[in-house]
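The next block holds one structure in the form of structure tokens; read it before the comments.
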Amino acid sequence: MTTLESLLIDAPTLTSDMLVRDGIAFLDQHDYSHLALVDSDNKWMGTLATDVLYDTDETEKIANLKYHIASLFVYTTDDLAKIVDTFILNTCNLLPVVDEEMHLRGMLPKAALTADLVERTFFAELGTTLIIETHAEAYSLSTVVQLVESNNAKLLGILLLQTKEQKTQILLRISQKNIETIIQDFRRFDFDIISQHDEDLHQNKLIEHSNYLNKFLNL
């Protein structure tokens with residue numbers, strides 16, 4: 001099983017005495033959303049969105065951007081649900097990972113985590129694929145897991161497909177083949193079902209009604 005620390009990379013960090021141009025030099029070759037700010041002991045001091053660097057005079061010191069510093073990080077001990085939620089809720093593709101003493105252990109790329117999840121969970125066991133969509137600010141991985149497991153099913157894998165126009169679309173791999181009750185529960189919690197399933201009685205009823213209406217109009 002892959003460990004979190006094996007996915008970390010040694011992306012350059014920012015320090016208060018650095019110039020903005022030093023951070024931009026790295027970003028010209030890497031499309032990362034955030035970089036970590038550390039002190040002389042490699043302790044995490046904050047996280048800076050890289051968009052801020054591009055919008056700032058290159059001769060400015062990083063210290064002058066303190067009002068843009070965010071408290072964005074995960075611990076090495078955080079579970080998968082917490083890490084995935086942090087990526088999604090902050091629309092980022094690179095996260096600082098710190099230990100209990102707040103020393104920076106490395107940066108976690110979203111792409112590496114996604115690839116690991118796909119390799120470990122999506123193809124390991126047979127199951128059903130379900131694609132759901134909800135408002136980005138309302139999304140919670142813990143809610144998704146609860147809705148699946150409350151129906152005596154197991155969530156084998158989860159993959160964020162896209163976040164666009166305030167909507168987050170997620171692909172789920174579920175152990176249970178008959179997922180009618182799971183689909184109904186997701187709808188009750190205002191999730192839209194994007195994928196189509198034969199056992200989706202609600203969707204089938206809508207199709208039947210639509211076909212009947214079309215037939216009536218064409219008489």
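Atom CD of Glu101 has more than 12 neighbouring heavy atoms from other residues, nucleotides or ligands inside a 6.0 Å radius. No more than 12 heavy atoms of other residues, nucleotides or ligands sit less than 6.0 Å from atom CZ of Phe189. Heavy atoms of other residues, nucleotides or ligands lying less than 6.0 angstrom from CE of Met102 number more than 12. Heavy atoms from other residues, nucleotides or ligands lying under 6.0 Å from CG of Asp31 number 12 at most.
For the pair Lys154 and Glu149, the salt-bridge criterion is not met [side-chain N within less than 4.0 Å of a carboxylate O].
Put simply, Val20 and Val38 are part of the same group of oily side chains (I, L, V, M, F, W, Y) that touch within less than 4.5 Å, one to the next. Note on Leu27: it clusters hydrophobically with Ile62, by side-chain heavy-atom contacts below 4.5 Å among ILVMFWY residues. Linking ILVMFWY side-chain heavy atoms closer than 4.5 Å, directly or via other members, places Val97 and Leu48 in two distinct hydrophobic clusters. In the hydrophobic cluster analysis, where Ile, Leu, Val, Met, Phe, Trp and Tyr join through side-chain heavy atoms closer than 4.5 angstrom, Leu104 is grouped together with Phe26. Residues Phe87 and Val144 fall within the same hydrophobic cluster, defined by Ile, Leu, Val, Met, Phe, Trp and Tyr side chains chained together at heavy-atom separations under 4.5 Å.
Nearest heavy atom pair, residue Ala11 against residue Met107, reads CB-CG, 3.8 Å. Closest heavy-atom contact between Ile132 and Phe191: CD1-CD2, 3.7 Å. Considering every non-hydrogen atom in both Thr13 and Met18, the closest pair reads O-SD, 3.6 Å. Across all their heavy atoms, Trp44 and Ala70 have their closest contact at CZ2-O, 3.8 Å. Considering every non-hydrogen atom in both Asn90 and Thr86, the closest pair reads ND2-O, 2.9 Å. The two atoms that bring Leu94 and His34 nearest to each other are CD2-O, 3.5 Å, heavy atoms only.
When side chains are defined from C-beta on, Leu37 counts as touching Ile69, because their heavy atoms get closer than 4.5 Å. Pro109 is listed as a side-chain neighbour of Ile9, based on a closest heavy-atom distance under 4.5 Å. Contact of the Ile174 side chain with the Leu156 side chain is not registered, since no non-hydrogen atoms from C-beta on lie closer than 4.5 Å. Inter-residue side-chain proximity for Ile83 and Leu108 is flagged as met; some heavy-atom pair is nearer than 4.5 Å. Val148 has its side chain out of reach of Val145: every pair of non-hydrogen atoms, C-beta onward, lies at least 4.5 Å apart. When side chains are defined from C-beta on, Leu65 counts as touching Leu53, because their heavy atoms get closer than 4.5 Å. Within the 4.5 Å cutoff, the side chain of Leu95 has heavy atoms near those of the Leu72 side chain. The shortest side-chain heavy-atom distance between Val98 and His103 does not fall under the 4.5 Å cut-off.
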* Before giving the answer on side-chain contact (heavy atoms from CB on, under 4.5 Å), spell out for Ile170 and Glu133 the whole-Å C-alpha distance, their side-chain angles and the decisive distance to 0.1 Å. => CA-CA 6 Å; Ile170 310 109; Glu133 186 177 78; over 6 Å; no

* Run the salt bridge (Lys or Arg N to Asp or Glu O under 4.0 Å) check on Asp192 and Arg187 step by step: do they pass? -> CA-CA 6 Å; Asp192 294 324; Arg187 285 204 174 99; over 6 Å; no

* Ile158 vs Leu171, side-chain contact (heavy atoms from CB on, under 4.5 Å): CA-CA, chis, key distance, verdict -> CA-CA 6 Å; Ile158 182 168; Leu171 184 149; over 6 Å; no

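A distance of 10.5 Å separates CD1 of Ile131 from CD1 of Ile193, quoted to the nearest 0.5 Å. Here Ile24 contributes atom CD1 and Thr56 contributes atom OG1; the two are 7.5 Å apart, rounded to the nearest 0.5 Å. Atom CG of Asp10 is separated from atom CZ of Arg105 by 11.0 Å, given to the nearest 0.5 angstrom. Between the CG atom of Asp99 and the NZ atom of Lys43 there is a distance of 9.0 Å, given to the nearest 0.5 Å. Here the CG-CG distance, from Asp39 to Asp41, works out to 5.0 Å after rounding to the nearest 0.5 Å. Atom CD of Glu58 sits about 11.5 Å away from atom CD of Glu60, to the nearest 0.5 Å.
Ring-plane geometry between Phe73 and Tyr75 is classed as perpendicular, the angle between the planes exceeding 60 degrees on a 0 to 90 degree scale with a lower cut at 30.
For Asn151 (side chain) and Ala153 (main-chain N/O), no donor-acceptor pair under 3.5 Å exists by modelled atom type.
In the model, Asn93 has a side-chain atom that pairs as donor or acceptor with a side-chain atom of Ser33 under 3.5 Å.
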